[in-house]
Amino acid sequence: MACKRGALIVLEGVDKAGKTTQCNRLVQALQQSGRPAEMMRFPDRTTTIGKLISAYLEKKSDLEDHTVHLLFSANRWELVPLMKKKLEQGITLVVDRYAFSGVAFTSAKPGFCLDWCKQPDVGLPKPDLVMFLQLSPAEAALRGQFGEERYETSVFQRTVQQKFEQLMKDPSVNWQVIDAAQGVDEVHNDITSHSLNAINIAQNLPLGELWK
Ligand code: FDM
Ligand code: MG
């Protein structure tokens, strides 16, 4: 019998919500309970495309807005063969940002609509679970200053938050909103229970296609 596939689990949220910390904690917890799991993050800044994106985010280069949107999408597509291989091997992938960040950040810029922004990512492996780490702008501000990278301003992040809220209305995606204002352990417990549930369901289902 073929081995059961892993689940594709995505964490999304605005800056300072704790995505990276929680992705690491989740992978560790899954591995400790004997479930194969690996972390991925987008953008993956290690590839050739990822390096172009990284220079843009660090403001070392400028790129036209449509162009950078398509590069973020291409950076996901270039990793799809690897993602599918790992999922088929029974490895659960815990992903720090995915196409939802892609759409929320670009559509927060003037002149971009949600629909145009979604198109390049249509057909990507569909996450079995997308957890949105919800944190109000006021609570985010209490967690300290924003960094120096592009998009790291409270005005822009507020618009991004609104775009995520629009995306979360889509019932074709398994969204779960997590209260990221709780303590790190409470957030971790919520995330783990949703993830175990998704892993159990996913193992008997084929991988879907996003927004298709
Ligand atoms: N971002 C991330 C995008 O604009 N589009 C995307 O498709 C993705 C995946 O890049 F500001 C933005 C979101 C964030 C930045 O920062 C990446 P981190 O700290 O590496 O997650
Ligand atoms: Mg960041």
Side-chain angles (χ1 to χ4, degrees), residues 8-27 39-80 82-83 93-127 130-135 137 140-141 143-168 170 173 175 180 210-211:
L8 180 56
I9 297 174
V10 170
L11 268 75
E12 286 282 8
V14 291
D15 256 44
K16 304 206 180 297
K19 290 181 296 300
T20 308
T21 304
Q22 292 295 340
C23 281
N24 282 315
R25 292 270 313 251
L26 177 59
V27 168
M39 182 170 163
M40 293 183 74
R41 65 178 313 144
F42 290 109
D44 179 333
R45 302 188 192 214
T46 66
T47 68
T48 304
I49 294 169
K51 285 175 187 144
L52 293 173
I53 293 171
S54 190
Y56 171 81
L57 289 171
E58 292 168 25
K59 300 179 189 163
K60 289 179 181 158
S61 71
D62 282 318
L63 288 167
E64 191 276 330
D65 288 326
H66 300 80
T67 309
V68 76
H69 182 74
L70 296 173
L71 287 177
F72 274 111
S73 178
N75 183 233
R76 285 182 277 281
W77 281 107
E78 67 178 334
L79 284 152
V80 166
L82 181 67
M83 292 171 75
L93 297 178
V94 174
V95 187
D96 187 349
R97 297 191 190 275
Y98 199 52
F100 314 98
S101 274
V103 175
F105 278 76
T106 301
S107 67
K109 297 177 178 181
F112 285 88
C113 68
L114 229 53
D115 199 46
W116 186 89
C117 292
K118 284 162 84 170
Q119 292 316 306
D121 286 312
V122 169
L124 277 178
K126 182 179 177 171
V130 187
M131 288 176 281
F132 184 78
L133 272 58
Q134 182 85 264
L135 191 71
R143 297 189 176 182
Q145 296 293 303
F146 282 110
E148 296 293 307
E149 286 206 330
R150 212 179 279 266
Y151 305 145
E152 294 185 331
T153 69
S154 57
V155 177
F156 193 74
Q157 294 282 328
R158 238 169 270 232
T159 314
V160 170
Q161 166 90 31
Q162 288 164 4
K163 298 299 175 182
F164 273 124
E165 275 159 19
Q166 273 175 267
L167 285 172
M168 282 191 272
D170 174 2
V173 173
W175 286 100
L210 182 62
W211 293 326

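Both ligands and their constituent atoms are indexed starting at 1 by order of listing.
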With a 4.5 Å limit on heavy-atom distance, are the side chains of [X] and [Y] in contact?
X	Y	result
Tyr98	Leu124	yes
Gln161	Phe132	yes
Val68	Arg150	no
Phe105	Gln157	yes

Sub-4.0 Å atoms of ligand 1 with respect to non-hydrogen atoms of [X]:
X	value
Phe42	9 (C)
Leu57	10 (O), 15 (C), 17 (C)
Arg76	6 (C), 7 (O), 9 (C)

Look at ligand 1 and say whether [X] reaches it with a heavy atom at a distance under 4.0 Å.
X	result
Arg41	yes
His69	no
Arg45	yes

Test of understanding: given a 4.0 Å heavy-atom threshold, classify the contact between [X] and ligand 1 as side chain, backbone, both, or neither.
X	answer
Asp96	neither
Lys19	neither
Pro43	both

Does any N or O in the side chain of Lys19 come within less than 3.5 Å of the main-chain N or O of Val14, such that one atom is a donor and the other an acceptor? yes
Close aromatic pair by centroid cut-off 6.0 Å: His66 and Phe112: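 Between Phe112 and His66, which both carry aromatic rings, the centre distance is below 6.0 Å.
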For Glu64, does the CD atom sit with more than 12 other heavy atoms under 6.0 Å from it, leaving out its own atoms? yes
Counting both backbone and side chain atoms, is some N or O of Arg97 under 3.5 Å from an N or O of ligand 1?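 There is such a contact, yes.
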Note: heavy atom closest to atom 4 (O) of ligand 1, options Tyr56, Phe105, Phe156, belongs to Phe105
Qualifying residue, where the test is ring-ring contact (aromatic ring centres under 6.0 Å, His included) with Phe100 and the options are Phe42, Trp211, Phe72: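 Going through Phe42, Trp211, Phe72 one by one, the ring-ring contact (aromatic ring centres under 6.0 Å, His included) with Phe100 is satisfied by Trp211 alone.
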